[in-house]
J.: 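First, the structure itself, so that you have it in front of you.
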Amino acid sequence: MGETTRIACKCGQTRLEVEGKPIKSVECCCTSCREAAVRMQRLEGAPRTVTDHGTTPFVMYRKDRVRFLAGADTLAGFRLSPEASSRRVIATCCNTPVYLEFKGGHWLSFYSGLWPAGTKPAPTMRTMTSDLPEGSTLPDDIPNAKKHSLGFFAKLFGAWVAMGFRSPKMSNTGEINV
């Protein structure tokens with residue numbers, strides 16, 4: 001599987017390691033990621049989770065390659081609405097966004113701010129650019145896909161195959177009202 005990378009929340013109380021290479025490193029432009037970022041930014045002391053052009057950078061890892069080393073008890077999740085299929089999880093010790101989890105998903109999308117400066121994997125694409133407000137502009141340094149591309153789904157499917165079509169359950173977290 002390869003080397004492990006240690007990442008942490010802003011204050012260092014919540015620490016974890018991810019093993020091997022990520023499935024993908026992306027910047028998401030979808031409406032729900034942008035709405036969640038606005039809500040999370042309202043929390044006291046929360047670090048910034050969006051880029052200068054309004055995207056949310058994530059580094060995606062298989063769930064079976066993630067291990068919490070400390071601070072799992074600080075984690076609390078929220079959904080944008082009761083019926084939302086995705087859950088965002090925050091380290092409440094310092095209000096650092098930690099990951100996004102999709103219901104039934106076999107991966108976690110970690111907020112890239114968890115990586116120490118200069119070590120986070122560079123994004124390889126932006127997704128869901130069609131959700132951006134009219135007149136938004138993005139740099140052309142990486143592909144700017146209107147929706148999730150076939151290649152994006154192929155990477156996720158390949159990771160699921162490698163996991164034996166399993167989707168490990170994450171530990172229950174507390175709840176936070178954001």
Side-chain angles (χ1 to χ4, degrees), residues 5-12 14 16 18 20-63 66 75-81 84-103 105 107-159 176-178:
T5 303
R6 291 194 174 190
I7 57 178
C9 67
K10 184 172 90 172
C11 74
T14 304
L16 55 145
V18 289
K21 293 185 185 231
I23 297 169
K24 200 138 184 78
S25 182
V26 302
E27 291 182 8
C28 186
C29 303
C30 80
T31 302
S32 62
C33 282
R34 288 183 293 108
E35 180 183 338
V38 168
R39 287 189 191 185
M40 291 185 290
Q41 287 302 135
R42 292 183 191 141
L43 296 171
E44 184 179 335
R48 186 172 175 186
T49 59
V50 295
T51 66
D52 289 342
H53 40 272
T55 63
T56 305
F58 290 108
V59 182
M60 302 161 61
Y61 270 90
R62 293 170 32 173
K63 286 181 179 178
V66 174
L75 300 177
F78 76 97
R79 296 178 191 279
L80 291 176
S81 66
S85 61
S86 59
R87 175 176 73 120
R88 283 142 178 103
V89 176
I90 296 170
T92 58
C93 48
C94 58
N95 290 325
T96 297
V98 178
Y99 64 83
L100 165 64
E101 178 182 31
F102 289 90
K103 184 178 182 180
W107 76 96
L108 295 176
S109 296
F110 287 100
Y111 288 89
S112 69
L114 298 170
W115 271 256
T119 66
K120 73 177 175 183
T124 57
M125 71 179 297
R126 290 183 190 92
T127 63
M128 300 302 295
T129 63
S130 62
D131 279 8
L132 287 172
E134 184 84 25
S136 296
T137 58
L138 295 169
D140 61 359
D141 53 342
I142 56 177
N144 292 309
K146 289 188 180 293
K147 300 286 182 192
H148 294 301
S149 69
L150 183 59
F152 177 86
F153 284 116
K155 289 287 255 178
L156 282 176
F157 185 72
I176 188 170
N177 186 13
V178 178

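Any value given below was found using the heavy atoms of this structure, including those in side chains, with hydrogens, waters and symmetry copies removed.
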J.: Should we count NZ of K155 as having more than 12 external heavy atoms under 6.0 Å?
T.: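 Check fails, neighbour count at 12 or below.
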J.: Could you check, using the six-membered ring where one of them is a Trp, whether F110 and F58 have ring centers closer than 6.0 angstrom?
T.: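 No, they do not, as the ring centres are separated by 6.0 Å or more.
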J.: Quick check: do T14 and T96 have side-chain heavy atoms less than 4.5 Å from each other?
T.: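 T14 does not reach T96 side chain to side chain.
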J.: Heavy atoms only: give me the nearest A76-T92 pair and the separation to one decimal.
T.: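 Minimum heavy-atom separation between A76 and T92: CB-CG2, 3.6 Å.
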J.: Quick one: pull up CZ in R39 and OG in S32 and give me the separation to the nearest 0.5 Å.
T.: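 One finds 10.5 Å between CZ of R39 and OG of S32.
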J.: Working to the nearest 0.5 Å, report the span between CG of N144 and CD of E27.
T.: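 Going from CG on N144 over to CD on E27, the span is 8.5 Å.
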J.: Measure the spacing between CG of L132 and CG of L138 and express it to the nearest 0.5 Å.
T.: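 These two atoms lie 5.5 Å from each other.
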J.: Looking at P47 and Q41, what are the two nearest heavy atoms and their distance?
T.: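 Distance-wise, the nearest heavy atoms are O-OE1, 2.8 Å.
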J.: With a 4.5 Å limit on heavy-atom distance, are the side chains of P22 and M60 in contact?
T.: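 Not touching, per the 4.5 Å side-chain cut-off.
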J.: Quick check: do R88 and L80 have side-chain heavy atoms less than 4.5 Å from each other?
T.: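 A side-chain contact exists here, since the closest heavy-atom pair is under 4.5 Å.
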J.: Minimum heavy-atom separation for D131 to R34, with atom names?
T.: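 Closest heavy-atom pair between D131 and R34: O-NH2, 2.6 Å.
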J.: To the nearest 0.5 Å, tell me how far C29 SG sits from K146 NZ.
T.: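 Spacing of SG (C29) from NZ (K146) equals 11.0 Å.
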J.: First locate atom SG of C33, then atom OH of Y111, and finally report the distance between them rounded to the nearest 0.5 Å.
T.: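 Going from SG on C33 over to OH on Y111, the span is 6.0 Å.
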J.: Taking CG in D141 as the centre, count heavy atoms belonging to other residues, nucleotides or ligands within less than 6.0 Å. Is the count above 12?
T.: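 Above 12, so yes.
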J.: Just by modelled atom types, is the G45 backbone N or O under 3.5 Å from a matching donor or acceptor in the K10 side chain?
T.: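 Side chain of K10 to backbone of G45, a donor-acceptor pair under 3.5 Å: yes, one is there.
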J.: Of the non-hydrogen atoms in M125 and S149, which two are nearest, and what is the gap between them?
T.: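 Between these two residues, the closest heavy atoms are CE-OG, 3.7 Å.
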J.: Measure the CG-CZ distance between L114 and R6 for me, rounded to the nearest 0.5 Å.
T.: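 Taking CG in L114 and CZ in R6, the distance rounds to 14.5 Å.
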J.: If you look at every heavy atom in M40 and V178, which pair is closest and at what distance?
T.: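 Smallest heavy-atom distance, with atoms named: N-CG1, 3.8 Å.
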J.: Looking only at non-hydrogen atoms, find the nearest pair between Y61 and G20 and report the distance.
T.: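 Heavy-atom minimum between the residues: OH-O, 3.1 Å.
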J.: Taking the side chain as everything from C-beta on, heavy atoms only, tell me whether P139 gets closer than 4.5 Å to R126.
T.: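 Yes, their side chains come closer than 4.5 Å.
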J.: Would you confirm whether Y99, through its side chain, and W107, through its main-chain N or O, come within 3.5 Å as a donor-acceptor pair?
T.: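 Not a single qualifying donor-acceptor pair exists.
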